[in-house]
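These notes are about the structure you will find just below.
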Amino acid sequence: MPIGYLITVALMGLAMLLALRPLERPALLRTASWTLGSIVNESPFVAFYWILAATLLALAQGDLDTPVGWVAVGIACVTFLGTPLLVRRGLEARPAVEEALADGLGRGWRGAIDPALAAQLRHRLPWVRILLAPLPFLHRGVKHVRNLSYGDAGRRNRLDVYHDPTRPTGAPVLIHLHGGGFFMGRKSFYSRALLVELARHGWVCISANYRLRPRAVFPDYLVDAKKVIAWARSHAAEYGADPSVVFVAGSSAGAHLAATAALTPNDSAFQPGFERADTTVAGAVCLFGYYGPVDRARQPLPSSPFDYIQPDAPPILVAHGEYDMLVPVEQARALTERLRNVSASPVVYAELPRGPHNFDLFHSIRFEILVDGIEAFAAWVRSRHARTAD
């Protein structure tokens, strides 16, 4: 009896269904929906290959010549039909990101980018990588330096550096802070596709751990984020970086830290022992972030990015999935509206159609499109920075 084959295709079929129509209620099913559906949502080809391999194996073993086998084949065929639907949904990110950049930077934003930087921008998706190598391992042309210390909290104060092995001078810096709700997560798990792609284009990228609950409490996480910025200013030149051009980015809880760090430059309250360090940033990138308060019962300091929005905020790009089952998209919309009402700098808001939480784990269609948008946003900011410096 092809029970193993049936279970395999049934699980993949359920994951495909939840990717196409995620459950919002009740809360327990919402979490299960995200867990099962998010991987297939971002990498439908993985489900396609898995079912195809299972079907070919069952065929070779003669397991399909039974009623149960034919039921499993029927489920497999229906599941296959979900792949082109998810591919089409992923491609919907392209016009959404383009419109977000035009809305936030102005309709002529491409013309404001320095020609040398514009020439580095990618204009087509890396389909071979998306189809055959969706897991974001390192690629040729990128060196990965692991576990450098930036503080005294052991492995929670370690960072990785991704850079061009030739170490060309004048490279911009991107610091990324991982997600995990402030109680879990680690560097080099989130947004590796972004880190690798920018490093391939000459950036120096830093992915950092930070202290977590229950041992840490706000503002400990933010202090660590500031320490990483200070470390980048002191050490990134060793890898060919320009310490005057630093961007900070984050995913989920890391987006909270990226936004708050960008909005509190050189604030001594969050820089104990390194008050004179320059923690300003050229811009911030916030991916599927939680932006509410944290640790209110244990820490009286305001702990939401909303509490620190000022007119002199740097340019910020906020991206959130329309179908985020863990952090409602309304939080990102509210933060964007508040920033635009107060900040004198551009704010780009990209709401990814039908996008889930954790959309940055793979070389997916949706995330690769957003990576191109992030690099274009950074090129615009860097061009403006260069003109101001002149």
Side-chain angles (χ1 to χ4, degrees), residues 93-125 164 168-176 191 194-195 197-205 232 236 240-250 255 258-259 261-263 265 278 280-287 309-320 332-333 335-352 367-390:
R94 178 69 75 189
V97 171
E98 289 289 334
E99 180 61 27
L101 290 167
D103 185 46
L105 304 180
R107 294 293 163 181
W109 66 273
R110 287 190 182 276
I113 298 177
D114 180 88
L117 297 180
Q120 297 176 5
L121 300 179
R122 190 173 62 183
H123 298 289
R124 58 183 179 181
L125 288 174
D164 187 319
T169 60
V173 179
L174 177 82
I175 295 167
H176 183 269
S191 285
L194 172 65
L195 300 174
E197 184 63 24
L198 292 185
R200 289 177 65 244
H201 289 177
W203 287 65
V204 172
C205 296
D242 178 358
S244 70
V245 185
V246 177
F247 290 78
V248 64
L263 295 169
D278 182 4
T280 60
V281 296
V285 175
C286 305
L287 309 177
I309 296 176
Q310 301 291 339
D312 60 352
I316 294 179
L317 184 151
V318 178
H320 212 93
R333 293 172 184 168
L335 180 69
T336 301
E337 181 179 6
R338 176 66 174 160
L339 282 167
R340 286 176 171 172
N341 288 337
V342 176
S343 175
S345 295
V347 179
V348 174
Y349 175 57
E351 186 169 309
L352 305 180
F367 190 49
E368 290 290 350
I369 289 172
L370 182 60
V371 166
D372 292 345
I374 291 170
E375 189 168 13
F377 165 78
W380 187 93
V381 174
R382 291 168 62 193
S383 299
R384 189 178 75 160
H385 178 86
R387 289 193 296 270
T388 302
D390 292 340

(Q) If I take atom CG from residue Asp372 and atom CG from residue Leu121, how far apart are they, to the nearest 0.5 angstrom? (A) 8.0 Å

Q) Can Asp242 and Arg382 be counted as an ion pair, charged N to O under 4.0 angstrom? A) no

Q) Under 4.0 Å between a Lys/Arg side-chain N and an Asp/Glu carboxylate O for Arg110 and Glu98? A) yes

Q: Kindly give the heavy-atom pair with the smallest separation between Leu117 and Ala379, and that separation in Å.
A: CD1-O, 3.7 Å

**Q.** Polar side-chain atom of Thr280 near backbone of Pro265 as donor-acceptor pair, under 3.5 Å
**A.** no

Q. Does any N or O in the side chain of Arg384 come within less than 3.5 Å of the main-chain N or O of Ala112, such that one atom is a donor and the other an acceptor?
A. no

Q. Nearest 0.5 Å, what's the CG-CG distance between Asp164 and Leu198?
A. 12.5 Å

Q | Heavy-atom closest contact (Val173 atom, Ala236 atom, distance) | A | CG2-CB, 3.9 Å

(Q) Rounded at 0.5 Å granularity, tell me how far CD1 in Ile175 sits from SG in Cys205. (A) 10.0 Å

Q | Approximate separation, where rounding is to 0.5 Å, of Ile309 CD1 and Leu339 CG | A | 4.0 Å

Q. Between Arg200 and Glu197, is there a salt bridge with N-O shorter than 4.0 Å?
A. yes

(Q) Let me confirm one number: the OG1-CD1 distance from Thr336 to Ile316, rounded to the nearest 0.5 Å. (A) 9.0 Å

Q: Can you establish whether the number of heavy atoms outside Arg340 located under 6.0 Å from its atom CZ is more than 12?
A: yes

Q: For residues Ala313 and Ser345, report the shortest heavy-atom separation together with the two atoms involved.
A: O-OG, 2.6 Å

Q: Mind listing the closest non-hydrogen atom pair of Pro315 and Ala282 along with its distance?
A: CD-O, 3.3 Å

Q) What distance separates Leu194 CG from Leu174 CG, expressed to the nearest 0.5 Å? A) 5.5 Å

**Q.** 4.5 Å side-chain heavy-atom contact, Leu101 and Trp380
**A.** no

Q) Only one of Gln120, Glu375, Arg122 forms a side chain to side chain donor-acceptor pair (under 3.5 Å) with His201, so which one is it? A) Glu375

(Q) Testing the basics here: between Ser191 and Phe367, what is the closest heavy-atom pair and its distance to 0.1 Å? (A) OG-CZ, 3.9 Å

Q.
Taking the basic N atoms (NZ, or NE/NH1/NH2) and the acidic carboxylate oxygens, is any pair closer than 4.0 Å for Glu99 and Arg94?
A. no

Q. What are the two closest heavy atoms between Ala284 and Ala258, and how far apart are they?
A. CB-O, 4.3 Å

